[in-house]
Number of protein chains: 2
Amino acid sequence: MAAPSPKHDVFQAIADPTRRSLLQLLVDREMPVTAISGHFPMSRTAVSKHLRILADAGLVKERKVGRETRYRLEPEPLLELKRWLSFYERYWENKMSALKRYVEAEEPSSGAERAAGRLGEDGD
Amino acid sequence: MAAPSPKHDVFQAIADPTRRSLLQLLVDREMPVTAISGHFPMSRTAVSKHLRILADAGLVKERKVGRETRYRLEPEPLLELKRWLSFYERYWENKMSALKRYVEAEEPSSGAERAAGRLGEDGD
DNA sequence: TTGACATGAAACCTGACGGTGTCATAATAG
DNA sequence: CTATTATGACACCGTCAGGTTTCATGTCAA
């Protein structure tokens, strides 16, 4: 019963770029495996395995509809990530001010179109 | 140098539990490798490699002091993570209300002890 | 029933990862 | 100078993750 024995945690699940794309693809629609795999340059089986890992981490949910299995995003587990992150927030607040504000400014609304938000790697 | 070709991104860097502990250990103090490795049940070389990966992702910074190399946290790259996360925030806000508030309530202080936040699996 | 479609499971390959031990080198102590 | 300490660079190894292909099963359509 809802035994929380996830072999894969959220951190590991989102570590893979393919998996992150998968999440984004399923962000608001529900899709069957074959349709999903059409968006990726790999075999359907490979995608299926990634989905399994995501499901294992609780990030997607499966629903069988006829002969197909539809997957959809389940964002709750990301809360763990958020909480982990929030712990470090106060640390970068120490040294960041302008940069932080610049980023924060885009969040509240619907900032998400800037997929490639480049951060200054070489700070000093 | 300043090679902007990080083989390891932030997502991958924090995927490993050891590396997350490493970050936490270096969160406000600067430590040399040997001292750091004293906190972990593995060889100094292994720790050193983890540090390399973290440095590669820009999450720690090295400073040579005499014959020792001191490492310290560099939280800026976590912003990328935060921005990635913020994209999904509005999605879990759809289905979460009480739960969200309950979690949010712990963040502001220094909440990080509740590692096992159980979420209702079947939302609808 | 028969056949096509959707999917998961299994066996397998390869490269990266996490770990070890050893060694070379730079810096400090005597 | 010599010995010790701190560290990084290597070489090596076992495991696992990501990928492929093949096969079995279940569902839908004629």
Side-chain angles (χ1 to χ4, degrees), chain A residues 5-26 29-74 77, chain B residues 1-3 5-26 29-74:
Chain A
S5 326
K7 299 184 295 295
H8 299 102
D9 56 45
V10 186
F11 293 92
Q12 188 184 351
I14 65 165
D16 188 278
T18 300
R19 245 124 54 193
R20 289 198 296 274
S21 300
L22 235 11
L23 291 182
Q24 195 150 11
L25 182 63
L26 299 173
R29 45 173 178 278
E30 191 183 48
M31 294 176 72
V33 179
T34 303
I36 296 174
S37 70
H39 295 251
F40 294 87
M42 65 187 72
S43 74
R44 176 190 51 81
T45 309
V47 171
S48 191
K49 281 211 256 183
H50 280 301
L51 287 170
R52 166 61 62 100
I53 291 177
L54 289 173
D56 205 32
L59 283 167
V60 299
K61 194 163 183 178
E62 335 177 2
R63 182 171 70 110
K64 306 259 319 185
V65 176
R67 57 180 162 182
E68 55 186 28
T69 308
R70 301 194 186 150
Y71 288 83
R72 99 179 125 83
L73 178 69
E74 199 75 18
Chain B
M1 19 200 66
S5 329
K7 301 182 296 294
H8 298 103
D9 56 40
V10 188
F11 292 93
Q12 189 182 350
I14 65 166
D16 188 277
T18 300
R19 244 123 55 192
R20 289 198 296 274
S21 300
L22 234 11
L23 290 182
Q24 194 151 10
L25 182 62
L26 299 173
R29 46 175 178 280
E30 192 183 50
M31 294 176 73
V33 180
T34 304
I36 296 174
S37 69
H39 294 253
F40 294 87
M42 64 187 71
S43 74
R44 177 188 52 81
T45 308
V47 171
S48 192
K49 280 211 261 182
H50 280 300
L51 286 170
R52 165 61 63 101
I53 291 176
L54 288 174
D56 205 34
L59 284 167
V60 299
K61 195 163 183 180
E62 336 176 2
R63 183 171 70 109
K64 306 257 323 184
V65 176
R67 59 181 161 182
E68 55 184 32
T69 307
R70 302 196 185 149
Y71 288 83
R72 102 180 121 80
L73 179 71
E74 199 76 16

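Throughout, a chain's letter reflects where its sequence line sits, starting with A, and its residues are numbered from 1. All heavy atoms count here, side chains included; hydrogens, waters and symmetry mates do not.
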Phosphate oxygens OP1/OP2 of [N]: is one of them under 4.0 Å from a side-chain N or O of [X]?
X: Y71(A); N: dA6(C); answer: no
X: H50(B); N: dC17(C); answer: no
X: T69(B); N: dG8(D); answer: yes
X: S48(A); N: dG8(C); answer: yes

Test for a donor-acceptor pair under 3.5 Å between the base of dG8(C) and the side chain of R44(A), counting only N and O atoms.
yes

Side-chain-base donor-acceptor pair under 3.5 Å for R67(A) and dT7(C):
no

Can L51(B) and T69(B) be said to form a side chain to side chain contact (heavy atoms under 4.5 Å, CB included), step by step?
CA-CA 11 Å; L51(B) 286 170; T69(B) 307; over 6 Å; no

Categorize [X] for me: base, sugar-phosphate, or nothing, with a 4.0 angstrom heavy-atom threshold over every strand shown.
X: R70(A); answer: nothing
X: Q12(B); answer: sugar-phosphate
X: S43(B); answer: base
X: F40(B); answer: nothing

Could you state the [atom1]-[atom2] distance from [X] to [N], rounded to the nearest angstrom?
X: K64(B); N: dT7(D); atom1: NZ; atom2: C1'; answer: 7 Å
X: D9(B); N: dA16(C); atom1: CG; atom2: C1'; answer: 14 Å
X: I53(A); N: dA17(D); atom1: CD1; atom2: P; answer: 7 Å
X: D56(B); N: dG18(C); atom1: CG; atom2: C1'; answer: 16 Å
X: L22(B); N: dG19(C); atom1: CG; atom2: P; answer: 11 Å
X: R63(B); N: dA6(D); atom1: CZ; atom2: C1'; answer: 16 Å
X: H8(B); N: dA16(C); atom1: NE2; atom2: C1'; answer: 8 Å
X: D16(B); N: dT15(D); atom1: CG; atom2: C1'; answer: 14 Å

When you get a sec, tell me which of dT7(D), dT20(C), dG8(D) is the closest nucleotide to the side chain of A46(B)?
dT20(C)

Counting side-chain heavy atoms from CB outward, which of dT20(D), dG8(C), dG19(C) is closest to K49(A)?
dT20(D)

Hey, what do you get for [atom1] ([X]) to [atom2] ([Y]), rounding to the nearest 0.5 Å?
X: D9(B); Y: I14(B); atom1: CG; atom2: CD1; value: 9.0 Å
X: H50(A); Y: S37(A); atom1: NE2; atom2: OG; value: 12.0 Å
X: L26(B); Y: R72(B); atom1: CG; atom2: CZ; value: 10.5 Å

So, are K64(B) and E62(B) salt-bridged, with charged N and O less than 4.0 Å apart?
no

Heavy-atom nearest nucleotide on DNA chain D for T45(A) versus V65(A): which residue maps closer to 5'?
T45(A)

Using a cut-off of 6.0 Å, state whether more than 12 heavy atoms not belonging to R52(A) lie near its atom CZ.
no

